[in-house]
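Values reported hereafter were calculated over all heavy atoms of this structure, with side chains retained and with hydrogens, waters and symmetry mates removed.
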Amino acid sequence: MKKKLLQVVKFLYFFSCFFMLLGNTSFAYIDPSAVTYIIQAVAGVLIAVGAACTVYRHKIMKFFRKMKKKQAKKKSQEKEQEED
């Protein structure tokens with residue numbers, strides 16, 4: 001346990017020193033229209049994923065409905081055979 005903790009501390013130390021020594025300071029400006037574009041892209045992806053999930057959900061539900069109908073039909077046929 002102590003050895004693992006020491007490894008984690010060493011990694012974090014190396015990681016932070018790496019970024020402190022080799023990191024660049026950048027003076028960047030994010031334009032509001034760029035943020036709007038990013039929001040639109042994320043919204044488009046979320047809507048596409050939601051639509052795909054809905055399509056597949058309907059396909060899965062249709063499959064289970066068919067299975068249920070087949071089972072009900074089979075049970076009704078078995079009942080008819082028992083009555084004869």
Item checked: Lys3, Lys4, Lys2, Lys10 screened by side chain to side chain contact (heavy atoms under 4.5 Å, CB included) with Leu6, the one that passes -> Lys10
Checklist line | OH-CZ distance between Tyr13 and Phe18, expressed to the nearest 0.5 angstrom | finding: 14.5 Å
Checklist line | Partners passing ring pair (Phe, Tyr, Trp, His ring centres under 6.0 Å) against Phe11 (at least two apart in sequence or in another chain) | finding: Phe15
Notebook entry, point to check: NZ/Lys59 to OH/Tyr56 distance, rounded to the nearest 0.5 angstrom?
Noted result: 5.5 Å
Notebook entry, point to check: How would you list, by chain and number, every residue that makes a side chain to side chain contact (heavy atoms under 4.5 Å, CB included) with Arg57, sequence neighbours excluded?
Noted result: Thr54, Met61
Notebook entry, point to check: Which residues satisfy the side chain to side chain donor-acceptor pair (under 3.5 Å) test with Ser16, sequence neighbours excluded?
Noted result: none
Note to self: Tell me whether Phe63 shares a hydrophobic cluster with Ile60, the cluster being built from Ile, Leu, Val, Met, Phe, Trp, Tyr side chains joined at under 4.5 Å.
What the structure shows: yes
Next item on the list: Hey, could you give me the NZ/NZ distance between Lys74 and Lys70, rounded to the nearest 0.5 Å?
Entry: 11.0 Å
